[in-house]
Structure formats: C-alpha cells, structure tokens
Amino acid sequence: MLKVKDSVDLKELEKFGFIFCDHDDLWYSYYYNPEENIKINYSDRELDFYLCDMQESSIAILYDLIKADLIEKVDE
C-alpha cells in the first residue's frame with residue numbers, strides 16, 4: 001500500500017493539484033475526471049485509487065509524488 005510519509009505536511013499536496021475535501025471523511029483529492037481520481041485519507045495518509053482505466057495523468061501524478069519523496073510503500 002502507498003501512503004504519504006508522516007513527515008510531510010499534507011498542504012504540500014496542493015502543489016500537485018490535490019484539493020482538500022471536507023465531507024463525511026477528510027480527504028485530499030486529485031481529480032482528473034469523474035471516473036479517475038486519487039484520494040489521500042487525511043487520518044491515515046493512505047492513497048486510494050478510483051480509476052476505471054489508469055490514465056497517463058494519474059501515472060504522472062504518482063510519479064511526481066514519488067520523485068518529490070512524499071509517498072512511501074508500507075506493508076498492510
């Protein structure tokens with residue numbers, strides 16, 4: 001599973017196009033279109049993917065987050 005590192009201020013995600021969504025749960029979300037978005041849970045920092053088909057835009061965002069050293073792979 002992928003998660004945002006604990007040392008990262010979640011506001012940093014806004015530089016990558018994520019927006020804070022205050023609904024039932026607290027999420028930082030990146031929306032490319034209604035069928036494709038990436039959400040980061042505010043409480044546990046885990047990445048959730050809602051993708052019908054993985055598009056180049058989602059791959060690019062994930063790549064940018066990895067290159068910026070903001071996310072890490074953790075065991076479930």
Side-chain angles (χ1 to χ4, degrees):
M1 132 182 37
L2 297 175
K3 69 172 263 190
V4 176
K5 291 182 177 182
D6 293 331
S7 61
V8 173
D9 181 356
L10 292 177
K11 287 234 176 245
E12 288 289 312
L13 299 172
E14 294 173 4
K15 295 177 184 176
F16 296 89
F18 285 80
I19 57 170
F20 182 72
C21 300
D22 187 8
H23 298 290
D24 294 331
D25 296 312
L26 300 176
W27 300 93
Y28 270 94
S29 298
Y30 172 79
Y31 291 100
Y32 180 69
N33 62 47
E35 291 82 35
E36 177 185 10
N37 63 71
I38 301 169
K39 292 185 176 185
I40 298 172
N41 187 307
Y42 188 81
S43 61
D44 63 13
R45 298 172 165 253
E46 291 178 7
L47 276 74
D48 291 318
F49 303 94
Y50 298 91
L51 308 170
C52 291
D53 293 312
M54 186 70 127
Q55 300 293 319
E56 187 174 330
S57 61
S58 293
I59 294 169
I61 290 297
L62 289 174
Y63 177 79
D64 291 343
L65 293 173
I66 292 167
K67 287 294 282 184
D69 201 29
L70 298 179
I71 60 175
E72 62 187 351
K73 183 179 176 183
V74 295
D75 295 330
E76 290 191 46

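Values in this document were obtained by computation on a predicted structure and should not be read as measured data. Residues: numbered from 1 along the sequence shown.
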Enquirer: With sequence neighbours left out, what residues match Lys15 under salt bridge (Lys or Arg N to Asp or Glu O under 4.0 Å)?
Expert: Glu12
Enquirer: Working note: Leu62 + Leu47, criterion side-chain contact (heavy atoms from CB on, under 4.5 Å); need CA distance, chi angles, decisive distance, verdict.
Expert: CA-CA 10 Å; Leu62 289 174; Leu47 276 74; 3.8 Å; yes
Enquirer: How long is the span from the CG atom in Leu13 to the CD1 atom in Ile19, to the nearest 0.5 Å?
Expert: 12.0 Å
Enquirer: Linking Ile, Leu, Val, Met, Phe, Trp and Tyr through side-chain heavy atoms less than 4.5 Å apart, which residues share a cluster with Met1?
Expert: Val74
Enquirer: Considering non-hydrogen atoms only, spot the tightest contact between Leu10 and Val4 and give its length.
Expert: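 Between these two residues, the closest heavy atoms are CD2-CG1, 3.9 Å.
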Enquirer: Listed by chain and number, what are the salt bridge (Lys or Arg N to Asp or Glu O under 4.0 Å) partners of Asp69, not counting sequence neighbours?
Expert: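 Partners of Asp69 by the salt bridge (Lys or Arg N to Asp or Glu O under 4.0 Å) criterion, ordered by chain and then number, come out as Lys5.
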Enquirer: How close do Ile61 and Phe16 get, heavy atom to heavy atom, and via which atoms?
Expert: CD1-O, 3.5 Å
Enquirer: Return the set of residues passing side-chain contact (heavy atoms from CB on, under 4.5 Å) with Asp6 (not counting sequence neighbours), or none when no residue passes.
Expert: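 Partners of Asp6 under the side-chain contact (heavy atoms from CB on, under 4.5 Å) test: Lys3, Arg45.
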Enquirer: Rounded to the nearest 0.5 Å, what's the gap from CG on Leu2 to CD1 on Ile71? Could you check?
Expert: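 Leu2 CG to Ile71 CD1: 5.0 Å, rounded to 0.5 Å.
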